[in-house]
Amino acid sequence: MSDEPQPRQPGKGWAPKKPQAADAPEGKKGTKPPRTGWRRYVPTWRTVLAAALVTAALVIGGFFLGYHLVQIPAANALATQQANVYLYADGSVIARDGDVNRENVTLGQISEDAQHAILAAEDRDFYTESAVDPLAMVRAAWNTATGKGKQSGSTITQQYVKNYYLRQEQTVTRKVKEFFIAIKLDRNQSKDDILEGYLNTSFFGRGAYGIQAAAHAYYDMDASELDAGRAAYLASLLNAPSQYDVITHPENRQTVENRWNYVLDGMVDEGWLTETERAGMKFPTPKETTHSTGMSGQRGYIVDVVKKYLTDNDIVDEDTLDTGGYRITTTLHKDKQDAFVDAVNDKLMDRLDQENRKVDTYVRAGGASVEPKTGKVVAMYNGIDYVKQYTPNATRRDFQTGSSFKPFVLTAAVEHKSRTQDGRRITPTTLYDGTSERPVQGWPGARYAPENEDHRDYGDITVREATDKSVNAVYAQMAVDVGPDKVRRTAIDLGLSENTPSLDDAGPSIALGVASASVLDMAEAYATLANHGKNSGYTLLEKVTYGGKTVDLPERRTRQAVSRQAADTTTAVLRGVVESGTATAAQTAGRPAAGKTGTAEEDTAAWFAGYTPDLATVVAVMGQDPVTAGHKSLYGAMGLPRINGGGAPAEIWGQYTREALEGHPVQGFNLRMQPGAFESQPPPSDSSDSPSSSGRPTDRDSGTPDDEDTTGSSTPDDSDEPTRETPGDDSSTPGDTTGGDGGTTDSGTDTGGGTGYSDSNGDDHRTGPAGLTGALTQHTRRDE
């Protein structure tokens, strides 16, 4: 038998084992057999765990990397743009300028109902949740990537980031940036600040960005005034601003009301609205159209004039103003502004026939109205429509003022105690030669011989009559008697700009209004006369704020520009112009009034400047070619031979003043005039050769010193003693009263020693020495 091991014979239940690998360690089991079939496609738990760990590491690393790489950027240009808001004195909106209709307000300027409505519509857990909602963000990103359209699941913080810092495109990149910026912003700003920013940047339709602009666009009110119902509608708009405007899309009303109910129900659920309040609410249909905040009509002119006033007075520089965000409350009164427009339309524009009369296409109008005691501009008329005629007619300085300048000559004469060439003191009763084309005496320059209107000769005529009838010959001579430089200085003191064209180089012609002052400048000057010679400069501003903070305005000081006696004597004379002179049409105001008409050379402009104790208003009708912008004569306009100050300008003034002062008590003038202002004066001692009567020069000197009287006595014009002041402003009767001496308080009497009284209706009844002209007619009373 062999010693070799013999192979084992197979038996029942036996099977040979596979040979063990030669390198397998002894005593260990072999590896598992490879997976077959579908099992080979299922990852093992080890693979899943490893992948999860790698993914978590990538996500965490990506988060920290993104958090550090994505910085909070500067706000986008659209989000920072605001309109400047221009307001009437009562706070109602005149206009908004700028490309974006937005007015930022603080959270405190937004009603709680409005805040709660927005939260109920967009993010009810805003104050308790984190800055981002990852699930909603993933959903929105998926929908964007798969082309399913826009779906918003973002928090208010994310929406604010999109509005304020990013663009509006729907991309994954923008959503990633939005995610990280929102997280950082939530760490840096309070919830209130974020909500305030969101409410100021959201788009509500109708061109309105921010809830303040939206409140005005839909309901013509401030955001602070929004109640729950209106606020819920504005909140609904955020879902689809264009489609949810029920005025432009009435077919969507049911959908909008459903959304509105959803918002209100959310307010109830959150405890911001009671069930009782909710039950009684009806859908607040927005206004079909609110007041336009564009530049059409008078609005654009007002914005233009006010902006220039802001920059000229160094309140806000032009570049800063252009950035927007200013809330500018003007001195303008909406009711007076509307009354001015109505008066111009009724008395001028509606009477034009531009299709059949070419000259009617040249007609322009300008007007300004100032409170004498405050200097506040309460109304302006600048043109038919800013988008059609851009030049503001109330502030332009290119049309001659004509005879509306003459009162400044009289004021200067009284102020400087001036005398005629033959030494007589200039008063309302001083006699002058009113011969047309009479050469002016005492003027060292070239011969000057102005003609009167229609070449009419008046002979010897008082200053009072010459004012009533606007006699050029008299006033040209008076300007030389006073001195053109003194006349110029007086006009500037009263309110005209030192830069008024043709004011510096005028000689005797200064009296005839060759200077081209603006309507607004003239209104200030006449307001100074109405305020007894006191001037504080006109103002267009009540208040200016930026970001809720008040902007400092220049300090305004009132000064005595001319003596009270000079101003009041002029007022007394100008009352006759309205009562019986060239401006009787102004009597329709139904109040004691003073004023002066004027016509520029070649009838290119017609003026009426007038005032009551309460209001000074100047109206000018101008002729301008709409194509070349050149000045045009107005002969034949409105179908009339000529346009003069006593026509349309005075009629406009009368209607406007009546409406503007409706409801205000009628005030009489309270005047303290030049001593002996209406005492009759003898004619020149030698009328045959006196320059004041015949126009021929004499051998005598050009006059005695201004402060000396030819009799050897003098009375200071600024003394209160020779005059007797009657408290006309406080009187129960609206008319004026007169004194029995030269120091009369009556604004219209021609009588030096005459008597008079005012009845309970304010009508004047007067008697006076024979031979004096310009007696007053009774006041024309307005039917109440």
Side-chain angles (χ1 to χ4, degrees), residues 81-105 109 200 204-223 225 287-313 315-316 318 320-342 344-345 366-369 376-396 520 539-547 551 553:
Q81 288 182 358
Q82 292 187 66
N84 292 314
V85 184
Y86 296 82
L87 308 169
Y88 287 110
D90 65 0
S92 57
V93 176
I94 300 172
R96 289 182 171 87
D97 71 346
D99 296 330
V100 175
N101 180 17
R102 177 191 287 116
E103 179 189 356
N104 287 345
V105 291
Q109 294 173 292
N200 280 320
F204 289 84
R206 292 194 181 184
Y209 288 85
I211 195 164
Q212 172 75 350
H216 277 280
Y218 289 91
Y219 294 109
D220 196 22
M221 62 175 56
D222 286 332
E225 301 173 293
K287 293 179 178 293
E288 184 170 353
T289 56
T290 57
H291 297 295
S292 174
T293 56
M295 294 296 134
S296 61
Q298 296 297 306
R299 290 180 291 272
Y301 296 120
I302 292 172
V303 169
D304 192 18
V305 171
V306 173
K307 286 177 71 172
K308 190 173 189 304
Y309 184 88
L310 286 165
T311 56
D312 286 352
N313 289 276
I315 300 170
V316 184
E318 187 173 358
T320 303
L321 189 62
D322 287 343
T323 63
Y326 286 89
R327 190 175 181 86
I328 302 158
T329 304
T330 71
T331 57
L332 300 173
H333 293 194
K334 189 177 187 307
D335 57 342
K336 292 181 175 63
Q337 186 69 31
D338 292 343
F340 218 144
V341 174
D342 290 343
V344 173
N345 288 338
S369 189
K376 294 179 180 180
V377 181
V378 296
M380 288 189 295
Y381 184 90
N382 282 284
I384 58 169
D385 193 331
Y386 182 74
V387 300
K388 298 177 181 178
Q389 298 173 4
Y390 293 102
T391 303
N393 293 329
T395 57
R396 63 189 302 172
L520 186 52
T539 180
L540 286 160
L541 300 176
E542 287 281 5
K543 185 179 181 181
V544 178
T545 60
Y546 182 82
V551 177
L553 300 179

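Numbers here simply count residues along the sequence, with the first being 1.
Within the 3.5 Å criterion, the main-chain N or O of S296 finds no donor-acceptor partner in the side chain of D385. No side-chain donor-acceptor contact under 3.5 Å links S369 to the backbone of V378.
You'll find the side chain of V544 reaches within 4.5 Å of the side chain of L310, heavy atoms only. At least one side-chain heavy atom of Y86 sits less than 4.5 Å from a side-chain heavy atom of K307.
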What verdict does the side-chain contact (heavy atoms from CB on, under 4.5 Å) test give for M380 and L540, after you've listed the backbone C-alpha separation in whole Å, the side-chain angles of each residue and the deciding distance to 0.1 Å? CA-CA 10 Å; M380 288 189 295; L540 286 160; 4.2 Å; yes
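L87 and V85 make their closest contact through CD2-CG1, 3.6 Å (heavy atoms, listed as atom of the first residue, atom of the second, distance). The shortest non-hydrogen separation linking M295 to A95 is CE-CB, 4.0 Å. Heavy-atom minimum distance, I211 versus A223: CG2-CB, 4.1 Å. Across every non-hydrogen atom of G367 and A394, the tightest pair is O-CB, 3.6 Å. Closest heavy-atom contact between E542 and L553: O-CD1, 3.9 Å. Of all heavy-atom pairs between V387 and Y390, the closest is O-OH, 3.6 Å.
Taking 4.0 Å as the cut-off between side-chain N and carboxylate O, D304 and K308 do not count as a salt-bridged pair.
Under the side chain to side chain donor-acceptor pair (under 3.5 Å) criterion, R396 pairs with N393, D398, Q624, sequence neighbours left out. Shown here are the side chain to side chain donor-acceptor pair (under 3.5 Å) partners of Q109, two or more places apart in sequence or in another chain: T106.
With 3.5 Å as the limit, one finds a donor-acceptor pair spanning the side chains of D222 and Q212.
Note on ring orientation: taking the six-membered ring where Trp is involved, the planes of F340 and Y381 are tilted (angle from 30° to 60°).
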